[in-house]
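Encoded as structure tokens, the structure appears first; notes follow it.
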Amino acid sequence: MPEMTVLIPTYNRLTALVATLSALAFQSYKPFKIFIADQSDEPIVCSLHFQSIVRFLEHKGITVCVKPNLPRRGIAHQSQFLLDQVDTPYCLFLGDDVLLEPFALRNMIETLKREGCGFVGNAVIGLSYKADERPHQQHIELWNGPVQPEYITPASKAWERYQLHNAANLWHVQEKLGVTPDNPQTYKVAWVGGCVMFDTAKLRDVGGFSFWTELPPQHAGEDVLVQLRVMKKYGGCGVMPSGAYHQELPTTIPQSERKVDAPKCLAI
């Protein structure tokens, strides 16, 4: 039986989603399941391109389930809807515009099991920034022992760790350190965007995304808040090398819909 479910929220990004699913087909770690929560104007299940990649994934032994989640009530509600579908010990929240190296799932789940923490993330890298060196944003704090709980807030000095995940900073750092997929390294984070694997029970223990009822639909930062809550009780980390790459598409949550930042208005 699969012990991990990949959870993908999607909204009007069919082409990017098909690319994301194609990369999942070639993961060295198997078996796993995929669950997609669709809020697109035109249901993705109607697309021949989507039907084709689903058949290919099933050929690879990967089951795919799609459910609509309408009306749209904000990304935190969408995330809770996804979490409610999970019946496996581990779950990966993955953006519908993220490409994964074949080693990505294997390294994340092995790290999560070894460390016994609440989450492990592969920070997404923007390859268009490979020539953009930003030494002032490349400070990294390695975990040289077991991952431990940390209490981080937007006012904490540790909050500044987010800069490491800008552009291609992490790519430059992991190249300099010489980390490889067969010899990964954990490091301290403020949060990780786009590709985060949780211990399902630990995520549910802190309430998951049930705080969606406390937010207006126009919000952001739900992923940050839930990671801070998990990290406070169970710890969390990033792992290098990251096998996650952003397709660098415009956000589907415009600034006008980011009126409330969850970690700055709700308790951590």
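Note that the structure is predicted; figures quoted are calculated from it, not measured.
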Flag the pair Lys232 and Glu150 as a salt bridge only when some basic side-chain nitrogen lies within less than 4.0 angstrom of an acidic carboxylate oxygen. no
To the nearest 0.5 Å, what is the distance between CG (Asp97) and OG1 (Thr10)? 9.0 Å
Spatial distance of atom OG (Ser22) from atom CG (Leu57) [nearest 0.5 Å]: 7.5 Å
Rounded to the nearest 0.5 angstrom, the OG-CG distance for Ser52 and Leu21 is 11.0 Å
Please determine whether side chain to side chain contact (heavy atoms under 4.5 Å, CB included) holds for the pair Tyr187 and Leu170, giving the CA-CA distance in whole Å, both sets of side-chain angles, and the decisive distance to 0.1 Å. CA-CA 11 Å; Tyr187 65 96; Leu170 186 62; 3.4 Å; yes
Indicate yes or no: does Lys113 engage Asp199 in a salt bridge with an N to O separation below 4.0 Å. no
Write down the atom of Thr153, the atom of Trp159, and the distance for their closest heavy-atom approach. O-CE3, 3.3 Å
Taking every non-hydrogen atom, the tightest pair across Met4 and Leu92: SD-CB, 4.1 Å
What's the separation between atom CZ in Phe35 and atom OG1 in Thr5, rounded to the nearest 0.5 Å? 9.5 Å
Decide yes or no for Leu215 and Leu266: does some side-chain heavy atom of the first lie under 4.5 Å from some side-chain heavy atom of the second? yes
Side chains of Tyr11 and Ile44 in contact at under 4.5 Å (non-hydrogen atoms): no
What is the distance from atom OG of Ser242 to atom CZ of Phe103, rounded to the nearest 0.5 Å? 7.0 Å
Rounded to the nearest 0.5 Å, what's the gap from CG on Leu7 to OG1 on Thr88? Could you check? 7.5 Å
A side-chain contact here means heavy atoms from C-beta on lying under 4.5 Å apart; do Phe211 and Gln80 qualify? no
Going by heavy atoms in the side chains, are Trp143 and Glu115 under 4.5 Å from each other? no
Taking all non-hydrogen atoms of both residues, which atom of Ile268 and which atom of Pro154 are closest, and how far apart? CD1-CD, 3.8 Å
Any salt bridge between Asp84 and Arg204, counting N to O under 4.0 Å? no
Close aromatic pair by centroid cut-off 6.0 Å: Phe209 and Phe93: yes
Hey, does the side chain of Gln39 reach the backbone of Leu70 with a donor-acceptor pair shorter than 3.5 angstrom? no
Would you call Phe50 and Ile36 a side-chain contact if the rule is heavy atoms closer than 4.5 Å? yes
With a 4.5 Å heavy-atom cut-off, do Met108 and Asn122 have their side chains touching? yes
Are Thr63 and Ile34 side-chain neighbours, meaning at least one heavy-atom pair lies under 4.5 Å? no
Does a side chain donor of either Gln185 or Gln174 reach within less than 3.5 Å of an acceptor in the other side chain? no
Say whether Ser40 and Asp38, considering side chains only, have a donor N or O and an acceptor N or O under 3.5 Å apart. yes
Hey, is NZ on Lys130 packed in by over 12 heavy atoms from elsewhere, all under 6.0 Å? no
State which residue, out of Glu3, Glu110, Arg106, fulfils the side-chain hydrogen bond (donor to acceptor under 3.5 Å, both in side chains) condition with Tyr29. Glu3
Which heavy atom of Met197 sits nearest to which heavy atom of Leu105, and what is that distance? CE-O, 4.1 Å
Check Phe81 against Lys67 and note the closest heavy-atom contact, atom names and distance. CZ-CB, 4.0 Å
Grab the two heavy atoms, one from Gly194 and one from Val98, that are nearest each other, plus how far apart they are. O-CG2, 3.8 Å
Decide yes or no for Lys233 and Lys202: does some side-chain heavy atom of the first lie under 4.5 Å from some side-chain heavy atom of the second? no
With a 6.0 Å cut-off (strictly less than), is the heavy-atom count around NZ of Lys176, excluding the residue itself, greater than 12? yes
Quick one: does Arg229's side chain have a donor or acceptor within less than 3.5 Å of a partner on Gly208's backbone? no
Measure from the ring center of Trp191 to the ring center of Tyr162 and say whether it is less than 6.0 Å. yes
Looking at residues at least two apart in the chain, or sitting in another chain, which of them share a side chain to side chain donor-acceptor pair (under 3.5 Å) with Glu58? none
